[in-house]
Amino acid sequence: MEERRQDNARQAALNYHEFPRPGKLEIRATKPLANGRDLSLAYSPGVAEACLEIRNDPATAARYTSRGNLVAVVSNGTAVLGLGNIGASASKPVMEGKAVLFKKFADIDCFDLEIDETDPVKLAEIVRALEPTFGAINLEDIKAPDCFVVERLCRESMNIPVFHDDQHGTAIVVGAAATNALRVTGRSFDQIKVVSTGGGAAGIACLNMLLKLGVRRENVWLCDIHGLIYEGRIDDMNPQKAAFAQATELRRLDQVIEGADLFLGLSGPGVLTPDLVARMAPRPIVFALANPTPEILPEEVRAVAPDALIATGRSDYPNQVNNVLCFPFIFRGALDVGATEINDAMQLACIEGIAALARATTSAEAAAAYRGETMNFGPDYLIPKPFDPRLIGVVATAVARAAMESGVATRPLADIHAYKRQLDASVFRSSLIMRPVFEAAATAARRIVFAEGEDERVLRAAQAMLEETNGVPILIGRPEVIETRAKRAGLPIRPHVDFQIVNPEDDPRYRDYWETYHGLMARRGVTPDIARAIMRTNTTAIGAVMVHRDEADSLICGTFGQYTWHLRYIREILARKGLHPIGALSMMIQDGPLFIADTQVHHDPSPADVAETAIGCARHVRRFGLTPRIALCSHSQFGNLDTPSGRKMREAMDILAEREVDFLYDGEMHVDAALDPAVRARLLPSSRLGDDPANVLIFASTDAASGVRNILKTRAQGLEVGPILMGMGNKAHIVTPSITARGLLNISALAGTPVAHYG
């Protein structure tokens, strides 16, 4: 059975690399090449202008070519992880994989270069000749001590970053994990004893990094396959190992492990035994990083030291020391400021950024990617997960800042905070478009009540509100359930400490609430007994009553249940004094924002409803700093069909004309005409929308609107912000059960916008 499983896994890996086309990379053009004019700009004669600019000022290559975002992943295949010296050609799948990681995690373009040269001096000469093409060099899987020679020669003569990831990437992630391990155990770098196995590139680099972090050289004991590195040893030595030689009569690992605080293994399986762990200091730190089998398995460590802090290189155990936490982001920061090298200051900044992120609240996105894993800072969570989307903003910004402060940045950033926002926007697609809303929300501390306060997504949104906005979250739910789920999710927020809570089962305001509800509904068949029951069980109604009583400014509900069910209670309690639901507006983010309405409220809206929806849409689109361009969509196109939807949209157009609205609109039209000005120009050259695509699509029924919304979400990977409930004066919003924690945060920012900004 095991043999069959391994065969299946092997075939799956081969199929992954072969189909649907061989390899993991392709090259795509970033500019159009559709006609003669494009050709004349891309090549002769237009290309000469860019060439001349670069000749006059070589630094402009970052403006006119891909060089500023292009990294070479270079290897000769002499030390491929887990495979050894397999040669340059056989190393290509690994290098392609490295390039894919650069693109996936940091949007950096890569060429993988497998060079058939084992002489380190000649290899360095080849790499140095590549400088005009690349913005940085990532050396990979070159055996020690050759890798030290290649990197030194390249760094001495090249004016771009050269970074051997096997050395420094591993060292940075180990440094971050060690920083947090010492914090957890109450130790400091200058006090600990370190015992390390493995005198290769990664091992030496990790020890050098620990020295930079404060470990004393005399407290470092390095062993390799021959035993301890000691003064006078001749066998298998090089200057890098000799730097850690100890003046001692001791010769073996078992002789030096006594009292060690940190074991650092970058060697092979079985090197560290449980007996040796038992001889380490209390609460030992064991970093067994050999792959695929570590120096000792975590369960063997815990058998003799249950309170040990353990890291491995494997993904099936906590605290995976994975270089992907580092290299994409350190290169991102270095490239963006035109760094001439990746120096110690940049590496130390990277360490602190990674370590600090592990100590911060876990992101909802990382929690979703690693569902079921505990991600609370502590012994089993010393470093963040690779799919934590905050890494690029935190780490790359720290690296860029350090490059500027240390004087190696040739293109310093004018605004480091704007740079971080730009990076965050690259992974949080709603970040950029939501910025005006968050800025408006920051002008007031509005109280936002969440009807489903026990939902983990709500808890994460409440945590993010407290960290990122001035909003005041109020959660409806049972305190003990909320507290338990917050702890399980690794969130530090606690009921009655960080936020107000309304307990439907036992709240001192219960009588006030049911009497308020009964007062509103007494003439609609609601008896006191029904009012009491609803105020014990219906959290949407409770939240709406709180808004009505001015105990909250806005209600957010709908993380479970049917939209119209929630809408019923919002209508009953809050649709007063000129407020009434106009429609539900969803903003879909793909290449750019596209607003869809009405997706929920009016199943078959009247022409007056459509016109009112258009007016509401225009108001809300402006909240995002955009100019509304509204298309009334129908199967009929500019009067060519006498259909119910066509007649409805034409009547709505007449109503808008009578009201002399101050925004661009047109209809009735097909969606392709709305979104493609060229199509629209052929049909109606005098269209009011002119040469720009519509950014708001209003449909004649919720079936059509919600269908388009769901197609964009599921097939086009559109990100939804909303639905926004229009017409309720920002007093209530009903989300849908598929909403994410970040989606709830976005809605809370919308709900947190003061009425003065709301319009």
Side-chain angles (χ1 to χ4, degrees), residues 71-92 94-95 97-99 102 110 112-131 134 136-158 160-175 196-212 222 224-225 229 236-244 264-268 289-291 313 321 323 326-327 330-331 334 341-344 347:
V71 169
V73 178
V74 178
S75 180
N76 62 3
T78 53
V80 178
L81 181 64
L83 300 174
N85 187 353
I86 60 174
S89 181
S91 74
K92 187 172 179 63
V94 178
M95 303 312 128
K98 189 85 173 194
F102 267 112
C110 284
D112 60 291
L113 301 176
E114 295 74 33
I115 299 175
D116 192 11
E117 178 56 73
T118 57
D119 183 307
V121 176
K122 291 182 179 179
L123 180 57
E125 290 175 355
I126 294 170
V127 174
R128 285 184 295 192
L130 298 171
E131 183 169 354
F134 297 99
I137 304 291
N138 183 99
L139 301 175
E140 190 78 14
D141 292 350
I142 301 169
K143 71 179 179 72
D146 294 357
C147 60
F148 302 121
V149 176
V150 174
E151 184 184 40
R152 177 178 57 79
L153 292 175
C154 289
R155 293 190 66 172
E156 287 174 353
S157 60
M158 299 179 77
I160 59 174
V162 178
F163 186 82
H164 186 205
D165 185 48
D166 298 325
Q167 293 184 62
H168 309 301
T170 303
I172 286 168
V173 182
V174 164
S196 180
T197 61
I204 296 295
C206 288
L207 293 179
N208 284 327
M209 182 60 71
L210 291 175
L211 295 183
K212 295 170 188 175
L222 172 61
D224 64 7
I225 194 170
I229 304 298
D236 192 18
M237 290 293 289
N238 57 51
Q240 290 76 27
K241 287 183 183 179
F244 292 95
L264 176 62
L266 292 123
S267 48
L289 306 182
N291 259 322
V321 173
N323 289 10
C326 160
F327 72 82
I330 199 167
F331 274 94
E341 64 177 1
I342 294 175
N343 58 24
D344 286 350
Q347 294 184 42

Mind checking ring-ring contact (aromatic ring centres under 6.0 Å, His included) for Phe327 and listing every partner two or more places apart, or none if nothing turns up?
->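 Here the qualifying residues are Phe102.
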Is Ile86 atom CD1 crowded by more than 12 heavy atoms from other residues, nucleotides or ligands, each under 6.0 Å away?
->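 Atom CD1 in Ile86 is packed in, count exceeds 12.
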Could you list the residues that satisfy salt bridge (Lys or Arg N to Asp or Glu O under 4.0 Å) with [X], not counting sequence neighbours?
| X | value |
| --- | --- |
| Asp236 | Lys241 |
| Arg152 | Glu156 |
| Glu341 | Arg155 |

For residues 72-82, which side-chain N or O atoms pair as donor and acceptor with protein atoms under 3.5 Å away, sequence neighbours left out?
| unit_1 | atom_1 | unit_2 | atom_2 | d |
| --- | --- | --- | --- | --- |
| Ser75 | OG | Gly77 | N | 2.9 |
| Ser75 | OG | Glu140 | O | 2.8 |
| Ser75 | OG | Asp141 | O | 3.4 |
| Asn76 | OD1 | Thr78 | N | 3.2 |
| Asn76 | OD1 | Thr78 | OG1 | 2.8 |
| Asn76 | ND2 | Glu117 | O | 3.1 |
| Thr78 | OG1 | Lys143 | N | 2.8 |

Report the residues that fulfil side-chain hydrogen bond (donor to acceptor under 3.5 Å, both in side chains) with [X], sequence neighbours left out, ordered by chain and then residue number.
| X | value |
| --- | --- |
| His168 | Glu151 |
| Asn323 | Asp165, Thr170 |
| Lys122 | none |
| Asp119 | none |

Output all residues satisfying side chain to side chain contact (heavy atoms under 4.5 Å, CB included) with Ala290, sequence neighbours left out; order by chain, then residue number.
->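 Here the qualifying residues are Glu295.
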Residues in side chain to side chain contact (heavy atoms under 4.5 Å, CB included) with Ala334, at least two apart?
->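 Applying side chain to side chain contact (heavy atoms under 4.5 Å, CB included) to Ala334 gives Pro161, Ala339, Ile342, Met346.
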Give a yes or no answer on whether the side chain of Asn291 reaches the backbone of Gly313 with a donor-acceptor pair at less than 3.5 Å.
->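 At least one qualifying donor-acceptor pair exists.
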How close do Leu266 and Gly203 get, heavy atom to heavy atom, and via which atoms?
->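 Taking every non-hydrogen atom into account, CD1-CA, 3.7 Å.
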